[in-house]
Amino acid sequence: MEKYDYQRPKGTADILPGDIEVWQKLEGVVRDLFPKYGYRGIRTPMFEDYNVFARNVGDTSDIVEKQMYDFDDKGGRRIALRPEGTAGTVRAYVQNKLFGPEFPKPYKVYYMGPMFRYERPQSGRQRQFNQIGCEALNSESPQIDVEVIAMALQFFKELGVNNLKLVINSLGDNETRTAYRTALIDYLKPFYDQLSEDSKTRLYKNPLRVLDSKDENDQKIVANAPSILDSLSDYSRNYFEQVKRLLDELGIKYEIDSDMVRGLDYYTQTIFEIMSDAEVFGGSYVTVCGGGRYDGLISQLGGPEEGGIGFGMGVERLLLLLRDENPNFVPKSGTDVFFASADTDGDDLAFKLLDKLRQQNIAADKDYQGIKIGSQIKEAVRNDAKYYIVLGKREAESGVCELVKVETKETQSVNIDDFIKAPMKFLK
Ligand code: ATP
Ligand code: MG
């Protein structure tokens, strides 16, 4: 193999033509669907003040403890590439005072774009990856929670991905957390020596993190831990009951997993994951969409005491799933008509016709290599062209050419002027 001097950084990908079509179609589904639920696009910076994430995503989360791409810029500011979308979106919401009376409530936004986490690259796990996400800010209603979940599920439905399960849990409000923290620490203390190093340091800082540990032994210990659902305050219990009732009303099936806590510290009340056990994921359930409520986050970033909820989904993982579950999703990108030329007269004519067709919004292309006609036609087929036309001195002089349909090899004689005047009449 040839050795090139420059390689893309570890954990990044080049998304090339041939792959980009699926990305763009997927993004198109988001742009069509999310506004129907009242969400509008937002684009926030790809880097923020380090503390936007460190103080708000949580200093005991894997993301902040281990995965941040942070550095000092030339002005000595501590900067981080965004590891997730919520904190920056809430920062923008607060800084632009989008909570003011002139703005819609809830304030609903969605985004798509790259996120950065320093982790060990593997299938579906990169250092620069892409997320599609949404946030409903200034919202604290079980209806909004269920609407967000319904939108995510509808999105998967439109992609043709159906084998999914929805898992929900409640992390409760502050009162719940205080009660549960004590119960959890009491339970875990006797196992202290057996816990992983990460869990030892997290036990007193944020014992919920221990529930989320990926260490096998931690998981065994945690299996018998008290359930957070037994510590729910009256408000949180009632809230969760309503969420479940509304899911039932919409006919949305779900499982409850009281051990699920999710990886970010800002979550409160309703949290959820949409999971798939598709073959590409090796038979075990993998999360393809995760989200939840964050009722303290807006005020923590300097805004009013308001609730919010959102989700994020990894596009790379989604594409793996899509390839497995609905390979037909891949769009056929194609040239409508391709010109092959037999000589320089034909080539000159092709060049001019090409421009006229493109001005009429027709996807047209020609050969630029001056290769044999047979090879040019092969090139047309490789381009997924629907039709091709061979042009030469004869066609240039007579003003008549043969339009060939690639799929059926059907041929028709067409007057070139007529064709250029109304190409869609011929390109069916
Ligand atoms: P995991 O447990 O798999 O590390 P997470 O809890 O860190 O996931 P979230 O922070 O909830 O994930 O992010 C939401 C989604 O973003 C994930 O479900 C996944 O699809 C995607 N994602 C997270 N990290 C990466 C990564 N390094 N590369 C690709 N996709 C990722
Ligand atoms: Mg992770």
Side-chain angles (χ1 to χ4, degrees), residues 11-48 52-53 57 63 67 69 80-93 96 98 106-117 119 124-137 147-161 164 262-264 272-274 276 286-292 294 308-323 325-326 329-331 333:
T12 63
D14 299 314
I15 305 166
L16 305 174
D19 286 328
I20 200 80
E21 289 80 6
V22 185
W23 282 79
Q24 288 170 338
K25 185 170 171 189
L26 190 81
E27 289 160 3
V29 174
V30 174
R31 286 195 190 98
D32 281 347
L33 180 68
F34 287 19
K36 296 198 175 112
Y37 289 76
Y39 289 78
R40 295 189 291 164
I42 189 169
R43 296 184 196 184
T44 64
M46 268 180 250
F47 59 88
E48 298 269 359
V52 167
F53 306 113
V57 173
I63 292 180
Q67 302 173 351
Y69 265 98
L81 302 187
R82 64 181 184 191
E84 56 95 61
T86 303
T89 303
V90 173
R91 196 269 314 134
Y93 174 77
N96 294 287
L98 303 175
Y107 196 85
K108 296 179 184 176
V109 291
Y110 75 89
Y111 51 81
M112 314 185 239
M115 307 292 162
F116 305 85
R117 297 185 193 176
E119 26 187 352
R125 192 174 292 286
Q126 296 173 185
R127 292 184 174 172
Q128 175 176 334
F129 64 100
N130 287 270
Q131 275 190 355
I132 294 168
C134 74
E135 316 291 344
L137 302 159
E147 176 190 284
V148 164
I149 293 170
M151 182 168 86
L153 290 171
Q154 181 62 25
F155 175 65
F156 284 107
K157 201 166 152 194
E158 296 202 1
L159 299 185
V161 174
L164 297 166
R262 307 221 16 83
L264 313 162
F272 66 94
E273 293 191 351
I274 297 171
S276 160
V286 163
T287 304
V288 289
C289 174
Y294 40 82
I309 183 167
F311 65 68
M313 45 193 163
V315 181
E316 285 77 5
R317 215 173 278 182
L318 191 58
L319 289 175
L320 287 176
L321 179 63
L322 201 53
R323 211 164 296 151
E325 299 259 308
N326 184 11
F329 184 80
V330 181
S333 72

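- When all heavy atoms of Gly310 and Tyr294 are compared, the pair lying nearest together is N-CE2, 3.6 Å.
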Intermediate values then yes/no, side-chain contact (heavy atoms from CB on, under 4.5 Å), Leu26 and Leu322: CA-CA 10 Å; Leu26 190 81; Leu322 201 53; 4.1 Å; yes

Candidate pair Glu135 and Tyr111, rule side chain to side chain donor-acceptor pair (under 3.5 Å), full reasoning: CA-CA 9 Å; Glu135 316 291 344; Tyr111 51 81; 2.9 Å; yes

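- Proximity of Pro331 to Val22: side-chain heavy atoms (C-beta onward) are separated by under 4.5 Å at one or more points.
- In this structure, Phe272 has no ring-ring contact (aromatic ring centres under 6.0 Å, His included) partners at least two apart in sequence or on a different chain.
- One finds the CD atom of Gln131 at 10.5 Å from the CZ atom of Phe311 (value rounded to the nearest 0.5 Å).
- Here CD of Glu158 is found 8.0 Å from CG of Asp32. Values are rounded to the nearest 0.5 Å.
- Nearest heavy atom pair, residue Met151 against residue Leu33, reads O-CD2, 4.0 Å.
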Trp23 vs Asn130, side-chain contact (heavy atoms from CB on, under 4.5 Å): CA-CA, chis, key distance, verdict: CA-CA 10 Å; Trp23 282 79; Asn130 287 270; 3.6 Å; yes

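- In this structure, Pro114 and Gln126 have side chains that are not in contact, with every pair of non-hydrogen atoms separated by 4.5 Å or more.
- Panel note: side chain Arg317, backbone Thr287; a donor-acceptor pair is recorded below 3.5 Å.
- The distance from the CG atom of Asp19 to the CG atom of Asp14 is 10.5 Å, given to the nearest 0.5 Å.
- In this structure, Gln128 and Thr12 approach most closely via the heavy-atom pair CB-CG2, 4.2 Å.
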Working for side-chain contact (heavy atoms from CB on, under 4.5 Å), residues Arg117 and Arg125: CA-CA 9 Å; Arg117 297 185 193 176; Arg125 192 174 292 286; 6.0 Å; no

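- Atoms NZ and CG, from Lys108 and Leu137 in turn, are 11.5 Å apart once rounded to the nearest 0.5 Å.
- Contact record, Met313 with Val288: CB-O, 3.0 Å, taken as the closest heavy-atom pair.
- A distance-only check finds a donor-acceptor pair linking the side chain of Asn96 to the backbone of Ala92 [under 3.5 Å].
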Criterion side-chain contact (heavy atoms from CB on, under 4.5 Å) on Leu164 and Leu321, from CA distance to verdict: CA-CA 11 Å; Leu164 297 166; Leu321 179 63; 4.2 Å; yes

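- The two residues Lys25 and Phe329 come nearest to each other via the heavy atoms NZ-O, 2.9 Å.
- Once rounded to the nearest 0.5 Å, the distance linking CG of Leu153 with CD1 of Ile274 reads 4.0 Å.
- No side-chain heavy atom of Phe155 sits less than 4.5 Å from a side-chain heavy atom of Val161.
- A 4.5 Å side-chain heavy-atom check between Thr86 and Leu264 finds every atom pair outside the cut-off.
- Glu84 contributes atom CD, which lies 7.5 Å from atom CE of Met115 (distance to the nearest 0.5 angstrom).
- You'll find the side chain of Thr89 reaches within 4.5 Å of the side chain of Ile42, heavy atoms only.
- Residue Tyr110 is tested with Tyr39, Tyr37, Phe34 for a ring-ring contact (aromatic ring centres under 6.0 Å, His included); the sole match is Phe34.
- Listed here is the closest heavy atom pair of Ala87 and Phe53: CB-CD2, 3.9 Å.
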